[in-house]
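Down below is the structure, laid out as structure tokens.
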Amino acid sequence: MITDRRVLQDEFIPREVVHRDAQIQELASNLEPLMHEQPAQDMLVYGPPGAGKTCISQYALEQLEAEAADITYHYINCWENYNRFSVLYEALDGLGRTLDVHRQSTPTDELFDRLKSYDSRPYILILDEVDQIEDNRVLYDMYSLEHVAIIMIANREEDVFYRMDDRIRSRLINCDRIQFGAYGVSELTDILADRAAWGLHPDAIEHEQLEHIADVAVGDARIAIGILRNAARRAEAEGAERIKIDLIDDVVPKTQKETRQKNIECLNDHQQLLYDIIDGNDSIQPRELYDAYDEQVDDPRSERMLRKYLNKMEHYNLIVSEGEGRWRQYRIKDGTEQG
DNA sequence: ATTCCACGGGAAAGCATGGACC
DNA sequence: GGTCCATGCTTTCCCGTGGAAT
């Protein structure tokens with residue numbers, strides 16, 4: 001059934017990509033000046049989850065790297081690295097210059113100085129989930145480095161700019177915007193067909209079944225590939241030769257649960273408790289939620305902290321908040337909801 | 001007009017950890 | 001080893017803002 005497992009991982013970057021020619025072209029032309037020792041244009045790549053932003057950005061840079069060996073690029077997930085130190089650390093790590101840097105006791109400015117002193121060749125940073133960065137100074141840092149170009153990735157354009165102070169906003173507001181719309185069913189089907197061709201036996205799945213997966217995944221390539229992966233595994237476990245529609249439908253809830261579980265595991269105990277409390281209610285008001293939380297834990301965090309946790313969880317797409325002010329309600333995000 | 005509730009920014013405090021020195 | 005210091009990270013504390021209810 002499965003001939004190459006890597007191809008079915010959603011972070012896999014294929015050798016050829018389909019349906020994003022315009023975006024790839026734009027990425028490439030913004031990076032093109034690097035070939036002539038000119039600075040590259042900074043970019044903001046935005047669009048809904050699973051629209052190929054991360055994949056295509058990395059793909060474009062791999063292509064460029066293959067063409068012109070004289071560049072380096074590095075991918076940084078700002079969800080995990082949201083403060084100035086971590087981002088700079090990751091940036092240095094991409095250059096292999098972190099050997100003697102310690103998480104504590106190394107001043108952040110020293111990391112910046114070190115990055116500054118590296119100027120032998122162009123360095124491109126992909127800042128995924130860039131709206132998660134808490135300290136925008138780091139964007140200013142990157143901007144001020146001549147040899148560093150940044151590709152910022154976010155779901156929504158406005159999330160990136162609204163918290164920036166004027167100094168950095170006025171500079172980055174002019175970066176090139178590249179929009180990624182959600183994939184349509186036929187586009188997703190093509191993507192799946194490509195993965196199936198590389199990762200599965202030739203007759204494992206037919207066009208109709210791929211189309212069904214694409215349909216269920218509502219535009220999200222990550223979900224689509226996840227469903228294909230789980231379906232293939234299930235078929236393999238059952239010794240089936242082909243992936244049938246029934247089997248696909250069987251595996252959809254499991255795939256949704258999987259992505260959710262992956263996120264929940266990143267939460268600390270307090271956050272998980274909040275999640276459980278919300279999960280036990282259809283919806284819950286903040287006061288009620290805080291009180292329930294206080295009752296169930298020995299060393300409660302402050303309400304301010306809970307609000308920060310809740311914000312994080314909302315960004316994680318685990319919960320949603322509805323209503324303003326005293327009408328605010330929290331509830332669990334349904335697995336089939338988008339965005 | 002005043003009170004209530006919730007939100008979220010920012011300063012300050014508290015915590016953990018590596019390094020230098022004894 | 002023990003002590004002190006510098007640093008980044010997390011959490012708390014304080015407070016202004018804004019909408020709704022009284």
Side-chain angles (χ1 to χ4, degrees), chain A residues 76-94 97-117 127 129-142 154-156 158-170 172 263-275 277-278 281-333:
Chain A
I76 301 178
N77 187 332
C78 300
W79 177 264
E80 286 149 13
N81 305 283
Y82 49 82
N83 53 51
R84 184 165 176 243
F85 185 93
S86 301
V87 174
L88 289 171
Y89 183 92
E90 280 295 314
L92 278 170
D93 204 35
R97 306 224 165 177
T98 46
L99 283 180
D100 55 338
V101 174
H102 298 281
R103 288 262 154 185
Q104 268 82 27
S105 77
T106 303
T108 307
D109 286 337
E110 194 184 313
L111 298 194
F112 177 63
D113 289 342
R114 215 183 273 214
L115 201 56
K116 204 161 150 186
S117 66
L127 301 173
E129 313 219 38
V130 69
D131 55 309
Q132 292 303 305
I133 288 181
E134 285 181 354
D135 186 350
N136 286 135
R137 270 184 307 168
V138 73
L139 291 177
Y140 196 82
D141 291 342
M142 300 305 180
N155 289 349
R156 300 190 316 162
E158 57 267 32
D159 290 344
V160 179
F161 294 107
Y162 89 105
R163 255 184 348 176
M164 280 183 188
D165 59 72
D166 294 341
R167 198 172 62 138
I168 182 63
R169 186 191 287 123
S170 67
L172 288 178
N263 287 339
I264 289 177
E265 277 161 15
C266 301
L267 303 176
N268 67 30
D269 291 350
H270 297 273
Q271 293 163 337
Q272 292 207 17
L273 176 57
L274 285 171
Y275 181 85
I277 294 169
I278 298 171
N281 294 270
D282 287 340
S283 71
I284 188 167
Q285 294 174 343
R287 177 81 272 132
E288 208 182 333
L289 174 60
Y290 301 153
D291 291 345
Y293 165 84
D294 276 350
E295 249 176 56
Q296 294 183 44
V297 72
D298 291 334
D299 55 336
R301 296 281 181 269
S302 65
E303 287 182 13
R304 178 72 187 91
M305 203 59 210
L306 298 188
R307 284 199 285 274
K308 283 190 181 170
Y309 288 161
L310 289 165
N311 272 338
K312 280 240 156 189
M313 289 156 69
E314 191 170 7
H315 258 110
Y316 248 134
N317 277 331
L318 289 168
I319 63 172
V320 280
S321 66
E322 286 166 331
E324 291 295 313
R326 66 180 50 189
W327 301 115
R328 177 64 69 98
Q329 298 260 352
Y330 293 104
R331 62 178 177 79
I332 294 298
K333 183 147 187 159

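In this text, all values refer to a predicted model and were calculated from it rather than measured experimentally. By convention in this document, chain letters (A, B, ...) are assigned in the order of the sequence lines, proteins followed by strands, and residues within each chain are numbered from 1.
A:E134 has its side chain out of reach of A:N83: every pair of non-hydrogen atoms, C-beta onward, lies at least 4.5 Å apart.
Rounded to an integer number of Å, the gap from A:M305 CE to C:dC9 C1' is 10 Å. Taking atom CD of residue A:E324 and atom P of nucleotide C:dA20, one finds them 9 Å apart after rounding to whole Å. Straight-line distance from the CD1 atom of A:I284 to the C1' atom of B:dA6: 15 Å, rounded to whole Å. As rounded to whole Å, 17 Å separates atom P of B:dA6 from atom CD of A:E322. Atom OH of A:Y309 is separated from atom P of B:dG8 by 16 Å (rounded to the nearest Å). Look at CH2 on A:W327: it is 21 Å from P on C:dG18, rounded to the nearest Å. The nearest whole Å value for the distance from the CD atom in A:E110 to the P atom in B:dG19 is 12 Å.
The side chain to side chain contact (heavy atoms under 4.5 Å, CB included) test with A:L88 singles out one residue from A:N81, A:D113, A:T108, and that residue is A:T108.
In this structure, A:R326 reaches the bases: a heavy-atom distance under 4.0 Å links it to at least one base atom across the strands shown. Within 4.0 Å of A:R84, counting heavy atoms only, lies no atom of the nucleic acid at all. Within the 4.0 angstrom heavy-atom criterion, base atoms lie near A:R307.
Distance from the side chain of A:K308 is smallest for C:dT11 among the nucleotides B:dG9, C:dT11, C:dT10.
For the pair A:N281 (side chain) and A:I277 (backbone), a donor-acceptor distance under 3.5 Å is present.
Both A:E288 and A:R304 lie close to DNA chain B; mapped to their nearest nucleotides by heavy-atom distance, the more 5′-ward contact belongs to A:E288.
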